[in-house]
Amino acid sequence: MNATDTTAFDPRPLLDRATAQLSALIHAMPADRLGDPTPCTEFDVRALLAHLVLGAHDGAAIGESGDVVWGRPPTDIADDGWGRAYEEARARLAAGWADDATLERVVDLPWGKLPGRAYLTSGMVLETVTHTWDLSEALGHPLPLDQELAEPVLEWARRFLPAERRGGGVPFEPVRPAPEGADAYTALAAWLGRPVR
């Protein structure tokens with residue numbers, strides 16, 4: 001199935017790859033880097049990790065019930081506990097969407113009504129891959145990133161978040177130029193307004 005066709009394909013295998021990659025990166029992160037800045041300027045590393053743990057739990061809750069009730073970022077995770085916390089959230093996310101019927105169930109989100117598969121695609125996979133680059137960049141790229149995973153996500157970002165839709169309710173800065181020959185992650189980051197080298 002073509003991963004660029006978000007109306008028919010199953011995004012769960014890509015989501016599993018994206019969350020597995022992020023989990024490996026979090027486990028490789030030294031605890032003394034938690035205060036470092038990230039390219040997502042509203043978050044340092046600790047705040048980004050809290051956002052990612054929360055996002056996985058919120059995504060799981062949507063899969064479990066079909067209802068959208070946003071939680072709050074965790075504040076009680078020990079410096080050396082982020083890998084475990086994300087792994088638990090990741091497992092819950094996978095379980096919450098295990099039933100094939102969840103892919104067709106319509107989710108009423110603040111930005112529109114979407115079938116579950118479209119939410120997983122444009123919400124969870126895109127968000128996870130983008131923030132994986134943010135974290136990797138903040139940490140100096142300690143692990144290689146899965147380029148095949150970023151390629152469809154870059155196409156989705158260009159489709160769902162065109163350059164002219166920046167500002168207002170779209171939480172991304174204007175598109176920045178990507179260096180010539182940039183890999184898919186760098187091109188994605190630039191498309192979403194991150195400063196890239």
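Heavy-atom basis, side chains included; hydrogens, waters and symmetry copies ignored.
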Item to check | Transitive ILVMFWY side-chain link Leu139 to Leu188, under 4.5 Å | outcome: no
Item to check | Test item: Pro13 and Arg17 side chains (from C-beta on) under 4.5 Å apart, heavy atoms | outcome: no
Item to check | Heavy-atom side-chain contact between Asp16 and Arg90 under 4.5 Å | outcome: yes
Checklist entry - Quick one: are Thr38 and Leu135 in side-chain contact, heavy atoms under 4.5 Å? => result no
Checklist entry - When you measure from the side chain of Arg92 to the backbone N and O of Asp58, does any donor-acceptor pair fall under 3.5 Å? => result no
Checklist entry - Ion pair present between Arg194 and Glu137, side-chain N to carboxylate O less than 4.0 angstrom? => result no
Item to check | Minimum heavy-atom distance between Val107 and Gly116, given as atom pair plus value | outcome: CG2-CA, 4.3 Å
Next on the checklist: Strictly below 4.0 Å, N to O, side chains only: are Glu87 and Arg84 in salt-bridge contact?
Outcome noted: no
Checklist entry - Do any N or O atoms from the side chain of Arg176 and from the backbone of Val196 form a donor-acceptor pair under 3.5 angstrom? => result no
Next on the checklist: Does the plane of the ring in His141 sit parallel, tilted or perpendicular to the ring in Trp133? Use 30° and 60° as the thresholds.
Outcome noted: tilted
Checklist entry - Would you say the side chain of Leu49 lies within less than 4.5 Å of the side chain of Phe43, judging by non-hydrogen atoms? => result no
Checklist entry - Under the criterion side-chain contact (heavy atoms from CB on, under 4.5 Å), which of Leu15, Leu14, Thr19 is the partner of Met124? => result Leu15
Item to check | Main-chain N/O of Asp146 paired with Tyr185 side-chain donor or acceptor, under 3.5 Å | outcome: yes
Checklist entry - How about Val125 and Trp156: do any of their side-chain heavy atoms sit closer than 4.5 Å? => result yes
Item to check | Charged N-O contact under 4.0 Å between Asp100 and Arg12 | outcome: yes
Next on the checklist: Between Trp70 and Leu48, is there shared hydrophobic-cluster membership here, with clusters defined by ILVMFWY side-chain heavy atoms closer than 4.5 Å?
Outcome noted: no
Next on the checklist: Between Thr130 and Glu127 (side chain of the first, backbone of the second, donor and acceptor by atom type, cut-off under 3.5 Å), is there such a pair?
Outcome noted: no
Next on the checklist: For Leu34, is there any backbone N or O sitting under 3.5 Å from a side-chain donor or acceptor partner on Trp82?
Outcome noted: no
Checklist entry - Nearest 0.5 Å, what's the OG1-CG distance between Thr128 and Leu22? => result 6.5 Å
Checklist outcome for this item: Taken to the nearest 0.5 Å, the spacing of Leu109 CG from Ser122 OG works out to 8.0 Å
Next on the checklist: Test your reading of the model: is there a side-chain donor-acceptor pair from Asp183 to the backbone of Thr186, 3.5 Å cut-off?
Outcome noted: yes
Next on the checklist: Any heavy-atom pair between the side chains of Ile62 and Asp67 that's under 4.5 Å?
Outcome noted: no
Next on the checklist: Please tell me whether Gln21 and Thr132 have a donor and an acceptor in their side chains that are separated by less than 3.5 angstrom.
Outcome noted: no
Next on the checklist: Evaluate Leu143 against Ser136 for side chain to side chain contact (heavy atoms under 4.5 Å, CB included), listing each step before the verdict.
Outcome noted: CA-CA 8 Å; Leu143 300 176; Ser136 182; over 6 Å; no
Checklist entry - Same cluster for Trp191 and Leu149 if Ile/Leu/Val/Met/Phe/Trp/Tyr side chains link at under 4.5 Å? => result yes
Item to check | Short N-O contact, Arg46 and Asp79, less than 4.0 angstrom | outcome: yes
Item to check | Thr102 versus Gly96, closest heavy-atom pair with distance | outcome: CG2-O, 3.9 Å
Checklist entry - What about Leu103 and Phe160, same hydrophobic cluster or not, with Ile/Leu/Val/Met/Phe/Trp/Tyr joined at side-chain heavy-atom distances under 4.5 Å? => result yes
Item to check | Distance, nearest 0.5 Å, that separates CG of Leu154 from CZ of Arg159 | outcome: 11.5 Å
Next on the checklist: Could you measure the distance from the CZ atom of Arg105 to the OH atom of Tyr119? Nearest 0.5 Å is fine.
Outcome noted: 11.5 Å
Item to check | Whether Trp97 side chain and Gly59 backbone form a donor-acceptor pair below 3.5 Å | outcome: yes
Checklist entry - Which pair of non-hydrogen atoms, one from Val129 and one from Ala18, has the smallest distance, and what is that distance? => result CG2-CB, 3.9 Å
Checklist entry - Taking side chain as C-beta onward, heavy atoms only, is Val106 less than 4.5 Å from Leu114? => result no
Checklist entry - Mind checking whether Leu126 and Leu93 sit in one hydrophobic cluster, side chains of I, L, V, M, F, W, Y counted as touching below 4.5 Å? => result yes
Next on the checklist: On a heavy-atom basis, which atom in Ala182 and which in Ala187 lie closest, and how many Å separate them?
Outcome noted: CB-N, 4.3 Å
Checklist entry - Between Gly71 and Leu54, which heavy-atom pair has the shortest distance, and what is it? => result C-CD1, 3.5 Å
Checklist outcome for this item: Closest non-hydrogen atoms of Pro115 and Glu104, given as atom of the first, atom of the second and distance, are CB-O, 4.2 Å
Next on the checklist: Nearest 0.5 Å, please: how far is CG in Asp44 from CZ in Arg33?
Outcome noted: 12.0 Å
Item to check | Straight-line distance of Lys113 NZ to Asp108 CG, nearest 0.5 Å | outcome: 5.0 Å
